Amino acid sequence: DGGITQSPKYLFRKEGQNVTLSCEQNLNHDAMYWYRQDPGQGLRLIYYSQIVNDFQKGDIAEGYSVSREKKESFPLTVTSAQKNPTAFYLCASSLGTTDTQYFGPGTRLTVL
Amino acid sequence: QKEVEQNSGPLSVPEGAIASLNCTYSDRGSQSFFWYRQYSGKSPELIMFIYSNGDKEDGRFTAQLNKASQYVSLLIRDSQPSDSATYLCAVKPMKTSYDKVIFGPGTSLSVIP
């Protein structure tokens with residue numbers, strides 16, 4: 001089955017630690033995205049990538065980093081510089097020539 | 001001015017009624033419009049998209065687009081308790097250089113049995 005997978009489903013981090021969230025897709029989509037969702041709020045774009053080896057900052061990139069070494073994979077690292085990382089993180093992908101984005105199941109990050 | 005606005009709700013409708021969800025956007029040149037449904041604790045799932053003025057129907061769902069008035073709405077006929085969720089409106093502004101979609105804050109819908 002084609003789809004987007006994210007792991008882990010739940011992640012706990014101590015203050016000062018970096019953590020990496022995984023996102024993999026087998027839809028052969030060129031574009032991939034990372035969003036953050038806080039309780040009762042909409043989605044905010046962190047980073048996006050249109051093609052392999054290229055990515056751009058979104059609206060709230062500070063304290064985050066990404067890589068896009070393979071078409072299928074777009075991992076997100078939440079660094080210790082991110083002051084308030086507790087949130088629901090969503091990965092999405094889309095074909096390069098269409099607009100429809102499809103979401104993975106999400107990772108819920110909690111800072112202890 | 002926020003780019004995409006929705007009433008936060010909660011919107012409560014009785015089972016079997018029509019639920020009407022509204023969304024307004026600021027960029028007059030916007031071309032693509034999407035409705036996603038998000039159950040509590042889950043990720044958004046696409047319900048439908050619309051590009052042209054008028055109505056687009058898919059089962060119990062109808063999307064309505066009025067570019068002149070800059071609003072898009074979602075009607076849910078014969079509402080069921082399983083329709084209780086947050087509905088996200090998403091808009092693709094014309095002037096961005098890539099497939100960036102702007103999401104509204106969502107409207108919470110509660111269907112009362």
Side-chain angles (χ1 to χ4, degrees), chain A residues 2-10 21 23 25 27 29-51 54-61 68 74 87-110, chain B residues 2-10 21 23-27 29-52 56 58 63 65 72 85-110:
Chain A
I4 305 171
T5 59
Q6 291 185 243
S7 62
K9 185 174 181 179
Y10 298 97
L21 283 59
C23 178
Q25 54 97 1
L27 300 169
H29 285 175
D30 286 316
M32 298 187 73
Y33 313 81
W34 274 105
Y35 292 90
R36 167 180 173 145
Q37 187 175 38
D38 294 282
Q41 298 190 31
L43 305 178
R44 292 186 290 170
L45 183 64
I46 304 172
Y47 267 98
Y48 66 96
S49 169
Q50 287 184 280
I51 57 173
D54 183 65
F55 50 83
Q56 304 294 329
K57 293 182 179 179
D59 301 317
I60 55 165
R68 185 84 186 279
F74 191 40
F88 189 39
Y89 289 87
L90 290 159
C91 178
S93 70
S94 67
L95 284 171
T97 56
T98 68
D99 303 320
T100 305
Q101 294 184 19
Y102 297 93
F103 287 86
T107 292
R108 193 166 299 278
L109 173 64
T110 302
Chain B
K2 293 184 179 179
E3 296 180 73
V4 178
E5 296 193 41
Q6 299 179 253
N7 291 331
S8 61
L21 304 163
C23 172
T24 59
Y25 58 93
S26 60
D27 189 330
S30 296
Q31 299 295 318
S32 309
F33 307 87
F34 308 86
W35 282 101
Y36 288 84
R37 176 177 62 200
Q38 186 175 23
Y39 291 113
S40 180
K42 303 296 184 182
S43 63
E45 53 181 327
L46 181 71
I47 299 175
M48 60 194 310
F49 55 85
I50 185 168
Y51 299 146
S52 303
K56 180 180 179 181
D58 184 359
L65 176 60
V72 56
T86 296
Y87 289 80
L88 304 176
C89 171
V91 175
K92 184 176 183 298
M94 184 180 69
K95 294 180 181 179
T96 54
S97 60
Y98 71 105
D99 285 346
K100 180 178 179 179
V101 174
I102 309 298
F103 286 85
T107 297
S108 175
L109 172 66
S110 178

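Bear in mind the structure is a predicted one, so any value in this text is a computation, not a measurement. Proteins come first, then strands; the chains are lettered A, B, ... in the order of their sequence lines, and each starts at number 1.
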Q. Within a radius of less than 6.0 Å around CZ of B:Phe49, do more than 12 heavy atoms belonging to other residues, nucleotides or ligands occur?
A. no
Q: Heavy-atom distances under 4.5 Å only: say whether B:Gln38 touches chain A with side chain, backbone, both or neither.
A: side chain
(Q) I want to know whether B:Phe103 and A:Tyr35 have ring centres closer than 6.0 Å. (A) yes
Q) Do the side-chain N and O atoms of A:Tyr48 and A:Gln101 include a donor-acceptor pair separated by under 3.5 angstrom? A) no
Q. Which region of A:Arg44, side chain (C-beta onward) or backbone (N, CA, C, O), has a non-hydrogen atom less than 4.5 Å from a non-hydrogen atom of chain B, or is it both or neither?
A. neither
Q. Chain B heavy atoms under 4.5 Å from A:Gln56: which part of the residue, side chain, backbone, both or neither?
A. neither
(Q) Going by side chain to side chain donor-acceptor pair (under 3.5 Å), name the residues that satisfy it together with B:Asp58, two or more places apart in sequence or in a different chain. (A) none
